[in-house]
Visitor: 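So that we are looking at the same thing, I have put the structure below in structure tokens.
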Amino acid sequence: MNVFRLLGDLAHLASIFILVHKMHITRSCRGISFKTQALYVLVFLTRYLDLFWAWISWYNFLMKIFFISSSCYILYLVHYRFRPTYDPSLDTFKVEYLVGPCFVLALIFNYHFDFSEILWTFSIYLEAVAIFPQLFMMQRTGEAETITTHYLAALGVYRALYIPNWIYRYYTEGTVDPIAIVAGIVQTGLYLDFFYVYVTKVLQGQKFELPA
């Protein structure tokens, strides 16, 4: 654990709290992609199966439990509690174009060809692109509520902070994880256009609107 990893985890936690707060305060899931949230549930379930056989620390255990339970709770809010405010006609990205290739990549590019390792690798690849349906939905509408953009910004910061974390671990531990690094860089890159609009508009008090 180092300061970059800790800050990244805190940004991830913040993104979840922001999203849950937004839905409860507005009693709406308008602008939230159900498909992205479903992909995150799949990411955490496949990544944290080692809860049943591996122990690292209480911090690690509690974080895993939180991410699994909170992602399932968000899915429940979108699909059941606030379902009347969800518009499936806007959330049309075909997730099979993400899940299928990620699973194939996990079968080909992994560290060990065994069940748990393949699922872990699959979760890394899938997390890198899980935000696609949400970004696609925003692209279709051309705008987003400010609090939704704060949620996405916190997610982007979470991934961006893992880059200095990897650099730090390389120089202090000699640790290199090519799969996680490449996937993390791809995921961070997906946020570049969003961050440009977020910084130039939302942080200046303007409404989030994508360029025409």
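The structure displayed is predicted, hence computed values, not measured ones. Sequence positions, counted from 1, serve as the residue numbers for this chain.
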Visitor: Please identify each residue that fulfils ring pair (Phe, Tyr, Trp, His ring centres under 6.0 Å) with Trp53, with sequence neighbours left out.
Guide: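 Testing Trp53 for ring pair (Phe, Tyr, Trp, His ring centres under 6.0 Å), a comparison that skips the adjacent residues, returns none.
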Visitor: Kindly write out the residues that satisfy side chain to side chain donor-acceptor pair (under 3.5 Å) with Tyr97, not counting sequence neighbours, or none if the list is empty.
Guide: none
Visitor: If hydrophobic clusters are built by linking Ile, Leu, Val, Met, Phe, Trp and Tyr wherever their side-chain heavy atoms come under 4.5 Å apart, do Val43 and Leu51 end up in the same one?
Guide: yes
Visitor: Are any non-hydrogen side-chain atoms of Thr92 and Met137 less than 4.5 angstrom apart?
Guide: no
Visitor: Decide ring-ring contact (aromatic ring centres under 6.0 Å, His included) for Phe17 and Phe66; before the verdict, give the C-alpha distance in whole Å, the side-chain angles of both, and the deciding distance to 0.1 Å.
Guide: CA-CA 11 Å; Phe17 286 127; Phe66 175 80; 5.6 Å; yes
Visitor: Does some side-chain heavy atom of Val197 sit less than 4.5 Å from a side-chain heavy atom of Val202?
Guide: no
Visitor: Rounded to the nearest 0.5 Å, how far apart are CD1 of Ile18 and OG1 of Thr148?
Guide: 10.0 Å
Visitor: My understanding is that only residues two or more places apart in sequence, or in another chain, count here; which of them pass ring pair (Phe, Tyr, Trp, His ring centres under 6.0 Å) with Tyr168?
Guide: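 Once residues adjacent in sequence are excluded, Tyr168 has no partner under the ring pair (Phe, Tyr, Trp, His ring centres under 6.0 Å) criterion.
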Visitor: Please examine the side chains of Val129 and Cys102, heavy atoms only from C-beta on, and report whether any two atoms are closer than 4.5 Å.
Guide: yes
Visitor: Determine whether Ile181 and Ile163 make a side-chain contact, defined as any pair of heavy atoms from C-beta on separated by less than 4.5 Å.
Guide: no
Visitor: Counting only N and O atoms by type, is there a donor-acceptor contact under 3.5 Å from the side chain of Tyr111 to the main-chain atoms of Ile179?
Guide: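 Yes; judged by distance alone, with no hydrogens or angles, the pair exists.
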Visitor: With a 4.5 Å limit on heavy-atom distance, are the side chains of Phe61 and Trp58 in contact?
Guide: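 Yes; the side chains approach each other to less than 4.5 Å.
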Visitor: Taking C-beta and beyond as the side chain, do Phe109 and Thr121 meet within less than 4.5 Å on heavy atoms?
Guide: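 No, every pair of side-chain atoms sits at 4.5 Å or beyond.
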Visitor: I need the minimum non-hydrogen distance between Leu98 and Pro133, along with the two atoms involved.
Guide: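 Smallest heavy-atom distance, with atoms named: CD1-CD, 4.0 Å.
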Visitor: If you apply the rule side-chain contact (heavy atoms from CB on, under 4.5 Å), what do you find for Met23 with Thr85, and how did you get there?
Guide: CA-CA 10 Å; Met23 287 192 282; Thr85 63; over 6 Å; no
Visitor: Is there a donor-acceptor pair closer than 3.5 Å between any side-chain N or O of Ser123 and the backbone N or O of Trp120?
Guide: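 Checking the backbone N and O of Trp120 against the side chain of Ser123, a donor-acceptor pair under 3.5 Å is found.
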Visitor: According to side chain to side chain donor-acceptor pair (under 3.5 Å), who are the partners of His150, at least two apart in sequence or on a separate chain?
Guide: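 Here the qualifying residues are Tyr198.
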Visitor: Are there over 12 heavy-atom neighbours, none belonging to Phe103, within less than 6.0 Å of that residue's CZ?
Guide: no
Visitor: Would you say that Phe195 contacts Val157 through its side chain, given a criterion of any heavy-atom pair below 4.5 Å between the two side chains?
Guide: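 They are in side-chain contact.
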Visitor: My understanding is that only residues two or more places apart in sequence, or in another chain, count here; which of them pass ring pair (Phe, Tyr, Trp, His ring centres under 6.0 Å) with His21?
Guide: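 Scan of His21 (ring pair (Phe, Tyr, Trp, His ring centres under 6.0 Å), adjacent residues dropped) gives none.
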Visitor: Can you give me the closest heavy-atom contact between Leu155 and Tyr191, atom names plus distance?
Guide: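 Heavy atoms only, the tightest pair is CB-OH, 3.5 Å.
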Visitor: What residues, two or more places apart in sequence or in another chain, satisfy ring pair (Phe, Tyr, Trp, His ring centres under 6.0 Å) together with Phe67?
Guide: His12, Phe44
Visitor: Thr149 versus Leu152: any side-chain heavy-atom pair under 4.5 Å?
Guide: no
Visitor: Any sub-3.5 Å donor-acceptor pair from Gln187's side-chain atoms to Val182's backbone N or O?
Guide: no
Visitor: Which heavy atom of Ile32 sits nearest a heavy atom of Leu19, and at what distance?
Guide: CD1-CD1, 3.3 Å
Visitor: Please report the shortest heavy-atom distance between Ile118 and Ala106, naming the atom on each side.
Guide: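 For Ile118 and Ala106, the tightest heavy-atom pair comes out as O-CB, 3.6 Å.
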Visitor: Which heavy atom of Leu107 sits nearest to which heavy atom of Phe113, and what is that distance?
Guide: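 Shortest heavy-atom separation between Leu107 and Phe113 comes out as O-CE1, 3.5 Å.
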Visitor: Start with the C-alpha distance between Val99 and Phe122, add both sets of side-chain angles, then the distance that settles side-chain contact (heavy atoms from CB on, under 4.5 Å), and finish with yes or no.
Guide: CA-CA 9 Å; Val99 176; Phe122 168 73; 4.0 Å; yes
Visitor: Does a donor on one side chain sit under 3.5 Å from an acceptor on the other, for Asp9 and Tyr59?
Guide: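 Their side chains do contain a donor-acceptor pair, which is all the 3.5 Å distance test asks for.
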Visitor: Filter on salt bridge (Lys or Arg N to Asp or Glu O under 4.0 Å), then keep only pairs touching residues 48-65, sequence neighbours left out; what's left?
Guide: Asp50-Lys64
Visitor: Please round to the nearest 0.5 Å and tell me the distance separating atom CD1 of Ile74 and atom SG of Cys29.
Guide: 11.5 Å
Visitor: Under 4.5 Å between side-chain heavy atoms, counting indirect links through other Ile/Leu/Val/Met/Phe/Trp/Tyr residues: same cluster for Tyr158 and Leu203 or not?
Guide: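 Linked within one cluster.
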Visitor: Sequence neighbours left out, what pairs pass salt bridge (Lys or Arg N to Asp or Glu O under 4.0 Å) with at least one residue falling in residues 29-41?
Guide: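 Of all non-adjacent pairs touching residues 29-41, those that pass salt bridge (Lys or Arg N to Asp or Glu O under 4.0 Å) are Arg30-Glu145.
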Visitor: Would you compute the distance between atom CZ of Phe136 and atom OG1 of Thr141 and round it to the nearest 0.5 angstrom?
Guide: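 One gets 11.0 Å once the value is rounded to the nearest 0.5 Å.
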Visitor: Determine which pairs satisfy side chain to side chain donor-acceptor pair (under 3.5 Å) with at least one residue from residues 66-76, sequence neighbours left out, and list them in order.
Guide: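 Non-adjacent pairs meeting side chain to side chain donor-acceptor pair (under 3.5 Å): His24-Tyr73.
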Visitor: Under a 3.5 Å distance rule, please check whether Asn60 uses its side chain to pair with a backbone N or O of Ile56 as donor and acceptor.
Guide: no
Visitor: If you apply the rule side-chain contact (heavy atoms from CB on, under 4.5 Å), what do you find for Ile185 with Thr188, and how did you get there?
Guide: CA-CA 5 Å; Ile185 291 174; Thr188 304; 5.8 Å; no
Visitor: Taking salt bridge (Lys or Arg N to Asp or Glu O under 4.0 Å) as the cut-off, I'd like each qualifying pair that reaches into residues 76-92, sequence neighbours left out, listed once.
Guide: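 Sorted pair list comes back empty.
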Visitor: Are Val176 and Ile124 connected in the hydrophobic side-chain network, where two residues link if heavy atoms are under 4.5 Å apart?
Guide: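 No; tracing contacts between hydrophobic side chains, which count when under 4.5 Å, never links both residues.
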Visitor: Which residue pairs pass the salt bridge (Lys or Arg N to Asp or Glu O under 4.0 Å) test when at least one of the two sits in residues 113-128, sequence neighbours left out?
Guide: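 For residues 113-128, and leaving out neighbouring residues, the salt bridge (Lys or Arg N to Asp or Glu O under 4.0 Å) pairs sorted by first residue read Arg47-Glu127, Glu127-Arg159.
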Visitor: Rounded at 0.5 Å granularity, tell me how far CG in Leu39 sits from CD1 in Ile131.
Guide: 9.5 Å
Visitor: When you look at Phe82 and Val78, which way does the side-chain contact (heavy atoms from CB on, under 4.5 Å) test go after all the steps?
Guide: CA-CA 5 Å; Phe82 302 126; Val78 176; over 6 Å; no
Visitor: Once side chain to side chain donor-acceptor pair (under 3.5 Å) is applied, do any residues pair with Tyr151, and if so which ones, sequence neighbours excluded?
Guide: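 Testing Tyr151 for side chain to side chain donor-acceptor pair (under 3.5 Å), a comparison that skips the adjacent residues, returns Gln37.
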